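In each ligand, atom 1 is the first atom listed, and ligand 1 is the first ligand listed. Being a predicted model, the structure only gives us computed values, none of them experimental.
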Amino acid sequence: MFHSEYVEKVYRNLCEKNAHEVEFLQAAEEILSSLEPYVEKHPEIEKEKILERFVEPERLIQFRVSWVDDRGEVQVNRGYRVQFNSAIGPYKGGLRFHPTVNASIIKFLGLEQVLKNSLTSLSMGGGKGGSDFDPKGKSDREIMAFCQAFMTELYRHIGPDTDVPAGDIGVGGREIGYLYGQYKKIRNEFVGVLTGKGLTYGGSLVRTEATGYGLCYFAEAALKQLKNESFQGKTVVISGSGNVAIYACAKATELGAKVVAMSDSNGYIYDAEGIRLDVVRQIKEVRRGRIKEYLNEVPQAVYCDRSQEIWTLPCDIALPCATQNEIDLDHAKILVEHGVLAVCEGANMPSTLEASRYFIEHRIVYGPAKAANAGGVATSGLEMSQNSQRCSWSFSEVDQKLKEIMVRIFNNAYETAKELGNPYDLLTGANIAGFEKVCTAMLSQGV
Ligand code: NDP
């Protein structure tokens, strides 16, 4: 599996220590295997045990979150925050509220975040957090009660120069508002301790749109460089219908593509005429309903109740924006057989390792998550800058900065991949480009 004995040893030790953490080991394997060419050229990495340190989080915090539901019953959930690496800046990364959340998921997301944040070229270390709380079907009051209870534990570990959480699956503007309100009550401080805030209390324009828009800016740059192509006239399939998916759909459409399918965890909709995003937004953002309800407004659309089968639909560009491991090798083979040009990842680790290797082998424009979806955290970084300067930039100013960052991330990953002999291997390119800065900082800072 590995060429280098040292890297293999690091991975084996990690497996022994974290035997049941499947997602974390998957992310670590992907990263470690692509770092091998860099590690071989830099013997100081082995000497100073940089890889051993890099895969071990600086801190993993787990806490009880107890709260009272609408029936007056006490509910108990588990909260997490992993403070993975602070070599290049304060910890930064989202919070996920979803019943599947556990230490393995949070650690895989945290490890990915370290490299992603480094790629943005802003000064942010990597962290991630969340809870196994399921926001689906909860009243607004229950969401508030949970967020307040969660922050009552989390507040002691975070701060504007220590650790700055944001949103992720199940955590959007509403949840960030409740979390921020509670932090402020406890600390009596109005500071930029969270990003993704509302515009009336320190949020940045474009933060809501940033991950989806950034994904399309990345894909557009990659399509141009590798295939001399663009979104214009292309058919696009997007999984998910949450924050990332919605704004990816908006930008892909603006760039001239037709998005024909979107999904949620219950199923997908296919609309040959092009998805009507106003209908999806009404269902998802206003009513918090199910994607199936699209058929009430657009009866000619088709609904399928197996969400992962969305990848069997023919398309030119695939944008997975739902969750991890949603594209396996079989899906990858079908996509390639159907002539897909590009697969760019809005979600974190949506392709299995086998699927991503298959895309690279077949010279598909494959945009790995840590590069392609870095627009969200990059704009969070811009929100932090605005908060410290107590100013706010215009929509077009932030959008322009986001575009420049995404193009720079692509160029960085592409140049590194090209130097190593395969310009399509943006996965290795992104991993090495992100690692280089973190590694140099770790070496300079001692043990
Ligand atoms: P949201 O909660 O807004 O939306 C998540 C979407 O994915 C929903 O449509 C949801 O469907 C679907 N989904 C979630 N879990 C599953 C599952 N197990 N199977 C199928 N569909 C599922 O989250 P975001 O849009 O913010 O996040 C989506 C992805 O993007 C995640 O991987 C996240 O880590 C990543 N990401 C998000 C960033 C951000 O800025 N928000 C930044 C970078 C990456 P349902 O409603 O049925 O649950």
Side-chain angles (χ1 to χ4, degrees), residues 23 27 92-101 105-106 108-110 112-113 115-117 119-120 126 128-130 133-137 143 165-176 194-196 203-204 206-215 218 238-249 261-269 280-281 283-285 287-294 304-311 319-327 344-351 367-381 383 402 406 409:
E23 297 83 2
K92 177 93 198 85
L95 297 171
R96 175 176 292 192
F97 292 169
H98 194 272
T100 56
V101 164
I105 299 270
I106 295 301
F108 116 64
L109 289 165
E112 287 276 301
Q113 196 79 41
L115 296 180
K116 182 186 310 193
N117 293 2
L119 282 170
T120 65
K128 199 81 190 188
F133 170 74
D134 186 359
K136 277 204 200 84
I143 298 285
D168 190 80
I169 292 180
V171 179
R174 172 181 61 167
E175 292 73 20
I176 293 290
L194 291 166
T195 57
S204 171
V206 196
R207 176 60 189 90
T208 310
E209 296 84 354
T211 310
Y213 277 21
L215 173 65
F218 181 96
I238 301 181
S239 64
S241 46
N243 171 266
V244 180
I246 283 175
Y247 292 99
C249 179
M262 290 180 84
S263 63
D264 63 18
S265 53
N266 295 118
Y268 73 80
I269 46 161
V280 174
R281 292 186 66 172
I283 298 166
K284 288 291 173 184
E285 293 181 340
R287 298 207 302 273
R288 296 181 190 274
R290 310 308 301 157
I291 199 79
K292 190 181 183 175
E293 295 162 32
Y294 187 83
C304 166
D305 66 3
R306 288 174 301 277
S307 47
Q308 281 198 329
E309 288 192 11
I310 196 168
W311 304 120
L319 303 176
C321 296
T323 194
Q324 62 276 355
N325 292 330
E326 50 169 307
I327 299 183
C344 291
E345 301 181 333
N348 282 307
M349 205 168 73
S351 309
K370 64 178 71 69
N373 74 23
V377 74
T379 311
S380 278
E383 181 173 332
L402 168 64
M406 296 315 295
I409 292 175

With heavy atoms under 4.0 Å as the rule, classify the contact between Gln324 and ligand 1 as side chain, backbone, both or neither.
-> neither
Could you go step by step and tell me if Arg290 and Lys284 meet the side chain to side chain contact (heavy atoms under 4.5 Å, CB included) rule?
-> CA-CA 7 Å; Arg290 310 308 301 157; Lys284 288 291 173 184; 3.8 Å; yes
Considering all heavy atoms, the nearest Ser204-Thr379 contact = OG-CG2, 4.4 Å
Heavy-atom contacts with Asp168 under 4.0 Å: which atoms of ligand 1 show up? List them by number with element.
-> 26 (O), 33 (C), 34 (O), 36 (N), 37 (C)
If you have a sec, work out which protein heavy atom is nearest atom 23 (O) of ligand 1 and how many Å separate them, to one decimal?
-> Ile169 CA, 3.4 Å
Heavy atoms only: give me the nearest Ile176-Leu194 pair and the separation to one decimal.
-> O-CD1, 3.9 Å
Got a second to check how far Ile409's CD1 is from Lys370's NZ, nearest 0.5 Å?
-> 12.0 Å
Could you list which atoms of ligand 1 come closer than 4.0 Å to a heavy atom of Arg96?
-> 31 (C), 32 (O), 33 (C), 34 (O)
Of all the non-hydrogen atoms in the protein, which one sits nearest to atom 17 (C) of ligand 1, and at what distance?
-> Thr323 CG2, 3.4 Å
Could you grab the distance from atom NZ of Lys292 to atom CG of Asp305, nearest 0.5 Å is fine?
-> 7.5 Å
Considering only protein heavy atoms, which is closest to atom 32 (O) of ligand 1, and at what distance to one decimal place?
-> Asn348 N, 3.1 Å
Ligand 1 atoms in contact with Lys136 (distance to a heavy atom under 4.0 Å) | 45 (P), 46 (O), 47 (O), 48 (O)
Compare Thr379, Thr211, Leu215 and give the one whose heavy atom is closest to atom 39 (C) of ligand 1.
-> Thr211
Distance in Å, Met262 CE paired with Ile269 CD1, rounded so as to fall on 0.5 Å steps | 7.0 Å
Just which atoms of ligand 1 are under 4.0 Å from any heavy atom in His98?
-> 15 (N)
Give a yes or no on whether a salt bridge exists between Glu285 and Arg281, defined as a side-chain N under 4.0 angstrom from a carboxylate O.
-> yes
Supply the atom-to-atom distance Lys136 NZ to Asp264 CG, rounded to the nearest 0.5 angstrom.
-> 7.5 Å
Is the backbone of Asn373 close enough, under 3.5 Å, to the side chain of Glu345 for a donor and an acceptor to pair up by distance?
-> no
Give the single entry among Ala322, Pro350, Ser239 that approaches atom 31 (C) of ligand 1 most closely by any heavy atom.
-> Ala322
Nearest atoms (heavy-atom pairs only) where Gly130 meets Val101 | C-CG1, 4.2 Å
Identity and separation of the nearest protein heavy atom to atom 41 (N) of ligand 1 | Asn243 OD1, 3.6 Å
Between Pro135 and Phe97 the two heavy atoms that sit nearest each other are CD-O, 3.6 Å
Atom indices of ligand 1 within 4.0 angstrom of Ala347 heavy atoms, with elements | 29 (C), 30 (O), 32 (O), 35 (C)
Only one of Thr195, Asn117, Thr120 forms a side-chain hydrogen bond (donor to acceptor under 3.5 Å, both in side chains) with Lys92, so which one is it?
-> Thr195
Atom indices of ligand 1 within 4.0 angstrom of Gly170 heavy atoms, with elements = 2 (O)
For atom 9 (O) of ligand 1, what is the nearest protein heavy atom, given as residue, atom name and distance?
-> Ser241 N, 2.9 Å
To the nearest 0.5 Å, what is the distance between OG (Ser263) and CZ (Arg306)?
-> 13.5 Å
Heavy-atom gap Gln308 to ligand 1 smaller than 4.0 Å = no
Arg290 to ligand 1, any heavy atom closer than 4.0 Å | yes
Using a 4.0 Å heavy-atom cut-off, say whether Cys321 meets ligand 1 through its side chain, its backbone, both or neither.
-> backbone
May I ask you to list the atoms of ligand 1 that are less than 4.0 angstrom from any heavy atom of Asn373?
-> 43 (C), 44 (C)
Any Arg207 heavy atom less than 4.0 Å to ligand 1 = yes
Nearest protein heavy-atom contact for atom 37 (C) of ligand 1: which residue, which atom, what distance?
-> Val244 CG2, 3.4 Å
Ligand 1 contacted by Gly346 (non-hydrogen, < 4.0 Å) = yes
Among Ala166, Gly130, Ser265, which residue places a heavy atom closest to atom 22 (C) of ligand 1?
-> Ser265
Give, for atom CD1 of Ile105 and atom CZ of Arg96, the distance between the pair rounded to the nearest 0.5 Å.
-> 6.5 Å
Enumerate the atoms of ligand 1 whose separation from the nearest heavy atom of Gly240 is less than 4.0 angstrom.
-> 9 (O)
Option of least heavy-atom distance to atom 1 (P) of ligand 1 (set: Ala245, Gly242, Gly196) | Gly242
